[in-house]
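Presented below is the structure to which this report refers.
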Amino acid sequence: MRVESSATAPTRIAVPAPAKTFGTVQAALGVAAFSLTFPATAWGLEGFGPWSLVAVRSVLAALVAGGCLLALRVPLPSRPHWPGLAVVAAGVVVGFPLLTTLALRTSTTAHAAVVVGLLPLTTALLSALRMGTRPSRTFWTAALAGAAAVVAFTVQQSGGALTVADLYLFAALLVCAAGYTEGGRLAGVMPGWQVIAWALVLCLPFGVPAAVLALSYEPVHLTAHSVAGLLWVAAGSQFVGLVVWYRGMAAIGIPKASQLQLAQPLLTLVWSVLLLGEHLTVAAPLTAAAVLVCIAVTQRARG
């Protein structure tokens, strides 16, 4: 069902109390899906080049999303929603996958998971700026402490200086947080699954030629791991995970959803050991736990 809205102040969809409980479950499922993204990307890079992997995953996810939209005869979004969908597409569909994939060529998934553990803080910050709220001093103190912990970790792990992979990861934080924030806002005025579906379809005209070009330049070596990794990041992370994530954010709000994302870096650390056989340094789980505490404080400070 389409919800009509004005260009300046769209009317939000009312969320019944029972739906909030289900929203929490959906947001948690989204976090579980996202926690597998880095290990699946590492698998995908075993057979695909970074540009091919990102382009093909975008095309596959867009085809699934477009098929769902056509099957359900979903009307086009209202004109005021398209700029927000473009932000979601740029941040979540293109920016974050591309930047993290480039980073994972030289970074371990455990290292990347700790750095991207700052995503809830970044999302909460951009959400506050986007919504015009003023976080408390406690919020800023905890946010800066979490950022300092991650920067210290990355510098220590990189031998005293940030690497190109770290710069990719920090840039990925910003673009993904912008996409999450705008997607969470849009999910309050239109069904959450349609937010990511339309964002994916919006990228399809660019994704197809990009995939053809990338595949023509980057060699492909299909293996069980590379195919499984591609299918997961396309269907699991890029579509299904974002569908339940945006639906969850719409039901319980961006700040509370961000609290659930506390578990994502620690889950990714577990997957990196179980699926990739990586060996963790003591600093990785300790930094992830420190960031978890900082984020918990920011969420409490926000009320």
Side-chain angles (χ1 to χ4, degrees), residues 1-5 10 12-16 19 22-37 40-41 44 53-98 176 179-212 227-252 254 257:
M1 182 180 68
R2 187 169 175 172
V3 178
E4 296 298 333
S5 61
R12 295 183 62 84
I13 297 174
V15 181
F22 187 49
T24 301
V25 173
Q26 290 182 102
L29 289 175
V31 170
F34 298 153
S35 70
L36 280 163
T37 299
T41 300
L53 181 61
V54 173
V56 172
R57 73 181 271 186
S58 173
V59 170
L60 292 178
L63 292 175
V64 174
C68 293
L69 292 170
L70 286 174
L72 297 174
R73 298 181 179 181
V74 177
L76 289 171
S78 300
R79 183 178 299 178
H81 298 334
W82 283 107
L85 290 171
V87 173
V88 175
V92 177
V93 178
V94 179
F96 185 79
L98 177 59
C176 188
Y180 277 1
T181 298
E182 199 63 22
R185 185 189 69 83
L186 287 172
V189 298
M190 61 191 295
W193 76 271
Q194 292 181 23
V195 174
I196 187 58
W198 284 117
L200 286 165
V201 170
L202 190 62
C203 291
L204 189 57
F206 308 97
V208 171
V212 172
V227 173
L230 171 63
L231 293 178
W232 178 259
V233 293
S237 302
Q238 193 84 72
F239 184 61
V240 176
L242 284 169
V243 166
V244 294
W245 174 246
Y246 280 137
R247 286 176 63 91
M249 279 201 295
I252 65 177
I254 296 175

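Quick caveat: nothing in here was measured; it's all calculated off a predicted structure.
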Exercise. Hey, what do you get for CG (Leu29) to OG1 (Thr24), rounding to the nearest 0.5 Å?
Worked result: 11.0 Å
Exercise. What is the minimum heavy-atom distance between Gly236 and Ala33, and which atoms define it?
Worked result: O-CB, 4.1 Å
Exercise. Are Met190 and Ser78 close enough that some pair of their side-chain heavy atoms sits under 4.5 Å apart?
Worked result: no
Exercise. Can you find a heavy atom in the side chain of Val240 that is under 4.5 Å from one in the side chain of Trp193?
Worked result: no
For this session: Specify the closest pair of heavy atoms between Ala234 and Leu60, including all atoms of both residues, with the distance to one decimal.
Result: CB-CB, 3.9 Å
For this session: Assign the ring pair Trp245 / Phe34 to parallel, tilted or perpendicular, where the plane angle (0 to 90°) is split at 30° and 60°.
Result: perpendicular
For this session: Over all heavy atoms of both residues, which pair between Gln238 and Val92 is shortest? Give the atoms and the distance, please.
Result: NE2-O, 3.3 Å
Exercise. Under 4.5 Å between any side-chain heavy atoms of Val94 and Cys203, yes or no?
Worked result: yes
For this session: Please step through side-chain contact (heavy atoms from CB on, under 4.5 Å) for the pair Leu242 and Tyr180, ending with a clear verdict.
Result: CA-CA 9 Å; Leu242 284 169; Tyr180 277 1; 4.0 Å; yes
For this session: Heavy atoms only: give me the nearest Pro77-His81 pair and the separation to one decimal.
Result: CB-CB, 4.3 Å
Seminar exercise, completed: The reported gap from CZ in Arg57 to CG in Leu230 (rounded to nearest 0.5 angstrom) is 9.0 Å
Seminar exercise, completed: Residues Val201 and Ala62: closest non-hydrogen pair is CG2-O, 4.2 Å
Exercise. Given side chains that start at C-beta, do those of Leu200 and Ile196 come closer than 4.5 Å, heavy atoms only?
Worked result: yes
Exercise. Looking only at heavy atoms, which two atoms of Ala199 and Val88 are closest? And how far apart?
Worked result: CB-CG1, 3.8 Å
For this session: Taking the side chain as every heavy atom from C-beta outward, state whether Pro97 and Val233 have any atom pair closer than 4.5 Å.
Result: no
Exercise. Under 4.5 Å between any side-chain heavy atoms of Val93 and Leu202, yes or no?
Worked result: no
Exercise. Between the main-chain N or O of Thr37 and the side-chain N or O of Thr41, is there a donor-acceptor pair closer than 3.5 Å?
Worked result: yes
For this session: Step by step, work out the side-chain contact (heavy atoms from CB on, under 4.5 Å) result for Gln194 and Cys68.
Result: CA-CA 9 Å; Gln194 292 181 23; Cys68 293; over 6 Å; no
